[in-house]
2 protein chains.
Amino acid sequence: MTRSCDALHPAAHEGAAPDTPSREAATAALVARIEARCAARGVRMTGQRRVIARLLAEAEDHPDVEQVWRRCAEIDRRISIATVYRTVRLLAEAGVIDRHNFHDGRTRYDMPRERHDHLIDRKTGRVVDFTSEEMERLQAALAKKLGYRLVAYRLELYGEPLSSKSEGRGAETSRPSAPVE
Amino acid sequence: MTRSCDALHPAAHEGAAPDTPSREAATAALVARIEARCAARGVRMTGQRRVIARLLAEAEDHPDVEQVWRRCAEIDRRISIATVYRTVRLLAEAGVIDRHNFHDGRTRYDMPRERHDHLIDRKTGRVVDFTSEEMERLQAALAKKLGYRLVAYRLELYGEPLSSKSEGRGAETSRPSAPVE
DNA sequence: ATACATGCAAATGCTTTGCCTTCTC
DNA sequence: GAGAAGGCAAAGCATTTGCATGTAT
């Protein structure tokens with residue numbers, strides 16, 4: 001069975017996010033959305049799934065399964081990594097979280113609050129989030145020029161630090177979204 | 001240590017492609033380029049590497065390692081799959097071939113004749129190749145703004161036909177699809 | 001000659017699964 | 001109480017690697 005459910009960014013902003021709600025409110029909304037979708041699909045909401053969902057909703061980075069598992073352990077030691085794998089896949093297939101492959105050998109996940117693109121540091125593996133209206137405009141323009149209406153896209157930039165930036169060994173992954181331009 | 005060495009799309013254009021040579025000539029040029037780079041890096045050119053390089057240069061698709069290996073076997077049965085893995089990685093690190101991850105569980109490679117991006121028709125699955133200097137400029141600029149030098153990137157646009165009509169003419173290069181499998 | 005390359009098979013590392021227990025609905 | 005979900009450990013897969021042997025330079 002094909003299992004691709006990779007994160008394709010919807011091309012246009014959705015009505016969502018009327019204003020900038022508090023962080024907790026946003027998180028709560030995400031969690032609520034998950035529970036709603038699970039309910040809609042007849043998927044049972046268990047303790048472990050709640051923990052995992054909340055963790056993902058609160059995460060600022062793009063954790064891989066092991067990282068999610070470790071964070072889970074801090075809350076409930078009884079959650080096995082197999083469950084994390086199963087749940088994370090479940091959520092990705094439900095379209096609640098995005099699945100990424102940044103070519104570092106593991107699959108990363110994140111529950112995006114707002115659309116953003118990624119720049120991956122080739123040296124450290126760190127992921128920097130960014131948004132660019134110009135990029136969105138250009139993509140739409142290119143698609144139009146080719147006779148299409150842009151529906152979705154995938155964009156990843158891979159770079160090397162310009163200066164000898166921090167050699168952040170070990171832990172990787174990002175920081176909150178930075179509006180560029 | 002991270003082991004990413006993915007080619008994806010190299011960020012910058014190189015001198016390459018003066019005119020549109022015959023297919024064999026193009027293939028020969030690619031092979032020559034490989035040999036040149038290997039020589040430049042002090043990498044020995046062996047029989048198995050020649051076979052693998054030629055196969056990749058002739059390939060129209062994005063074969064995974066096993067496919068490359070099978071094709072090799074038709075020419076020289078003695079090539080082991082371990083060698084294919086090693087060679088393919090070597091070439092990717094040398095920037096001679098591109099490495100792709102389509103989330104289907106295996107890594108695919110191809111030796112692009114010219115850099116180009118893809119727009120995928122959501123309706124028909126048709127792939128339209130295109131290039132955009134403005135896009136390249138913008139990507140580089142964004143990376144720079146974030147403190148990075150753009151090394152590679154991945155871009156895919158997904159769209160729906162604007163009208164029922166194909167309307168092939170556009171300012172950008174629009175060409176028949178490439179195998180995406 | 002002498003590094004480097006290859007074969008083969010064992011070893012990795014991430015992810016999935018079988019099976020039996022536990023818990024939600 | 002029935003069937004989904006979880007825990008554990010074994011199984012799978014693609015990919016890498018140790019080592020002895022072959023080979024390009």
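Just so you know, these numbers use all the heavy atoms, side chains as well, and skip hydrogens, waters and symmetry mates. Labels below follow one simple rule: chain letters A, B, ... track the order of the sequence lines, proteins then strands, and each chain is numbered from 1.
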Decide, yes or no, whether a salt bridge links Glu35(A) with Arg49(A) under the criterion of side-chain N to carboxylate O below 4.0 Å. no
In whole angstroms, the gap separating P of dC8(D) from CZ of Arg77(A) amounts to 12 Å
Rounded to the nearest 0.5 Å, what separation is found between the CG atom of Leu150(B) and the CD atom of Gln139(B)? 6.0 Å
State whether Glu66(B) and Arg70(B) are salt-bridged, where the test is any N-O pair (Lys NZ or Arg NE/NH1/NH2 against Asp/Glu carboxylate O) under 4.0 Å. yes
Separation of Trp69(B) atom CH2 from dT15(D) atom P, in whole Å? 13 Å
Using a heavy-atom cut-off of 4.0 Å across all strands, would you classify Arg86(A) as base, sugar-phosphate, or nothing? base
Nearest-Å distance for atom pair CD1/P, residues Ile79(A) and dT22(C): 17 Å
Of the nucleotides dT15(C), dT15(D), dG7(C), which one has an atom closest to the side chain of Thr107(B)? dT15(D)
Just N and O in the side chain of Thr46(A): are any of them under 4.0 Å from OP1 or OP2 of dG6(D)? yes
Distance check needed: dG6(D) C1' versus Met45(A) CE, whole Å only. 14 Å
OP1, OP2 of dT16(C) versus side-chain N and O of Arg89(A): anything below 4.0 Å? yes
Taking only Lys NZ, Arg NE, NH1 and NH2, and the carboxylate oxygens of Asp or Glu, determine whether Asp76(A) and Arg54(A) approach each other closer than 4.0 Å. no
Respond yes when some side-chain nitrogen or oxygen of Tyr85(B) is under 4.0 Å from OP1 or OP2 of dT15(D), and no when none is. yes
Looking only at heavy atoms, which two atoms of Ala53(B) and Met111(B) are closest? And how far apart? O-CE, 4.0 Å
Taking only the side-chain heavy atoms of Thr83(A) (C-beta and beyond), determine which of dG6(D), dT15(C), dT17(D) contains the nearest atom. dG6(D)
Can you tell me how far C1' of dT16(C) sits from CG of Leu90(A), to the nearest Å? 15 Å
Between Arg106(A) and dC14(C), is there a contact of a side-chain N or O with OP1 or OP2 at under 4.0 Å? yes
Between Arg154(A), His62(A), Glu156(A), which is the residue that forms a side chain to side chain donor-acceptor pair (under 3.5 Å) with His118(A)? His62(A)
Let's see if you can work this out: which of dA9(C), dC8(D), dA24(D) has an atom nearest to the side-chain heavy atoms of Ser80(A)? dC8(D)
In whole angstrom, give the distance that lies between atom CG of Asp76(A) and atom P of dC23(C). 11 Å
Of Arg50(B) and Glu66(B), whose closest DNA chain D nucleotide lies nearer the 5' terminus? Glu66(B)
Of the listed dA5(C), dG7(C), dT24(C), the closest approach to the Val43(B) side chain comes from dA5(C)
Could you tell me how far apart Gln48(B) (CD) and dT23(D) (P) are, to the nearest whole angstrom? 9 Å
Rounded to the nearest angstrom, tell me the gap between atom CG in Asp64(A) and atom P in dG13(C). 14 Å
Name the nucleic acid region contacted by Ile81(B), choosing base, sugar-phosphate or nothing; use a 4.0 angstrom heavy-atom cut-off, strictly under. nothing
Any side-chain N or O of Arg44(A) less than 4.0 Å from the OP1 or OP2 oxygen of dG3(D)? no
For dT6(C), does OP1 or OP2 lie under 4.0 Å from any side-chain N or O of Arg49(B)? yes
